[in-house]
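Basis for what follows: all heavy atoms, side chains included, without hydrogens, waters or symmetry-related copies. One-based numbering along the sequence shown. Just so you know, these numbers come straight off a predicted model, no measurement behind them.
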Amino acid sequence: MGHTEWAMWGNEQGVITSVVLLMGGILGTAAQFNKWYFGLYSLILGFLVLLIEYPRGKRDKGKKTLERWMQKPFTQFVQFFGIFGRNYWFRFIFYILSAVPPCFFLSTILGGASLVFTSLIYLRAAISGETWKPCLPEEKATQTTQQSEPPKQPPPRGPRSRSLDNLAMEPEEEGNPNRV
């Protein structure tokens, strides 16, 4: 059984959480409920979580990482925070603390609960010792892959096959005892 990369699951859960927070925030703010400021908080938090979670982190060695569309500016945003952007312990603490206010308002409670689950996944990633590494297109360009030339003769290509080919092309002799 292979090693589970918990950060990858946390990242996908974080993107979904940001969408749920944004929808709950829009609903809570636009409806002008008594506690509409929780909706505004959820809206701002949804944008912040989306900014942090949109760029995918680079997977462990030997595995290819599929980048998201236009993730470079978001990657630079996460890199700007240095260790706070790379370390999953900080993400866990930030998400668990910021998930409390949305849980007090009905239209944002689903986003708050989803953010709690995201933070728990990042807790598991932090316990496993994972850290966020940027996945940039420039890193792909530095890896050079050499393509080999296509073969010039059909198979079989070994030296023994050449000698058999030469035997097949020699004219047959009438007195050959090996002839069937």
Side-chain angles (χ1 to χ4, degrees), residues 1-29 35-145:
M1 191 108 185
H3 170 73
T4 302
E5 294 183 37
W6 292 99
M8 177 181 62
W9 292 99
N11 180 263
E12 297 297 326
Q13 177 71 25
V15 171
I16 293 168
T17 297
S18 68
V19 172
V20 174
L21 282 168
L22 288 170
M23 290 186 335
I26 290 170
L27 178 66
T29 306
K35 297 181 181 179
W36 62 272
Y37 45 87
F38 284 119
L40 182 63
Y41 172 81
S42 181
L43 199 60
I44 293 168
L45 182 63
F47 278 118
L48 184 61
V49 170
L50 185 63
L51 285 174
I52 294 170
E53 294 298 327
Y54 188 74
R56 281 193 177 124
K58 188 175 184 181
R59 295 181 70 187
D60 285 342
K61 59 184 174 184
K63 297 178 183 172
K64 197 173 191 177
T65 305
L66 183 64
E67 317 171 348
R68 286 195 173 104
W69 180 72
M70 294 293 293
Q71 95 170 20
K72 187 175 180 180
F74 298 99
T75 302
Q76 292 170 349
F77 176 77
V78 174
Q79 283 180 325
F80 174 75
F81 290 109
I83 188 132
F84 296 109
R86 288 190 312 262
N87 196 332
Y88 292 134
W89 286 105
F90 290 112
R91 285 194 193 187
F92 161 69
I93 292 169
F94 173 68
Y95 288 161
I96 200 79
L97 292 177
S98 61
V100 174
C103 292
F104 290 118
F105 191 47
L106 186 59
S107 69
T108 61
I109 195 167
L110 189 59
S114 183
L115 195 58
V116 168
F117 288 127
T118 303
S119 67
L120 293 176
I121 294 171
Y122 276 126
L123 173 65
R124 180 64 175 101
I127 290 171
S128 297
E130 299 178 35
T131 58
W132 186 82
K133 297 171 202 87
C135 176
L136 297 173
E138 290 85 53
E139 292 177 5
K140 281 185 177 179
T142 59
Q143 297 174 353
T144 58
T145 57

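- A pairwise comparison of heavy atoms in G46 and L21 identifies CA-CB, 3.8 Å as the closest pair.
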Would L123 and W89 count as a side chain to side chain contact (heavy atoms under 4.5 Å, CB included) here? Give the steps.
CA-CA 6 Å; L123 173 65; W89 286 105; 3.5 Å; yes
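- Closest of all the heavy-atom pairs between S18 and V49 is CB-CG1, 3.9 Å.
- Here the OG-CG distance, from S42 to L27, works out to 10.0 Å after rounding to the nearest 0.5 Å.
- When every heavy atom of G39 is checked against every heavy atom of T29, the shortest pair comes out as C-OG1, 3.2 Å.
- When each of W9, F92, Y88 is checked for a ring-ring contact (aromatic ring centres under 6.0 Å, His included) with Y122, only Y88 meets the rule.
- Between Y41 and P101 the shortest heavy-atom distance is CE2-CB, 3.5 Å.
- Between the CG atom of L50 and the CD1 atom of I16 there is a distance of 12.0 Å, given to the nearest 0.5 Å.
- By the 6.0 Å contact criterion, CG on L106 is open, its count of non-hydrogen atoms from other residues, nucleotides or ligands being 12 or less.
- A donor-acceptor pair is defined here as one N or O able to donate and one able to accept, closer than 3.5 Å; no such pair exists between the side chain of Y95 and the backbone of L120.
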Steps toward side chain to side chain contact (heavy atoms under 4.5 Å, CB included) verdict (I44, L48)
CA-CA 6 Å; I44 293 168; L48 184 61; 5.6 Å; no
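- The nearest pair of heavy atoms linking S98 to L115 is OG-CD2, 3.6 Å.
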Carefully, step by step, assess L40 and W36 under the rule side chain to side chain contact (heavy atoms under 4.5 Å, CB included).
CA-CA 7 Å; L40 182 63; W36 62 272; 4.0 Å; yes
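- With hydrogens and angles disregarded, a donor-acceptor distance shorter than 3.5 Å links the side chain of T118 to the backbone of S114.
- Across all non-hydrogen atoms, the minimal contact from T108 to G25 is CG2-N, 4.0 Å.
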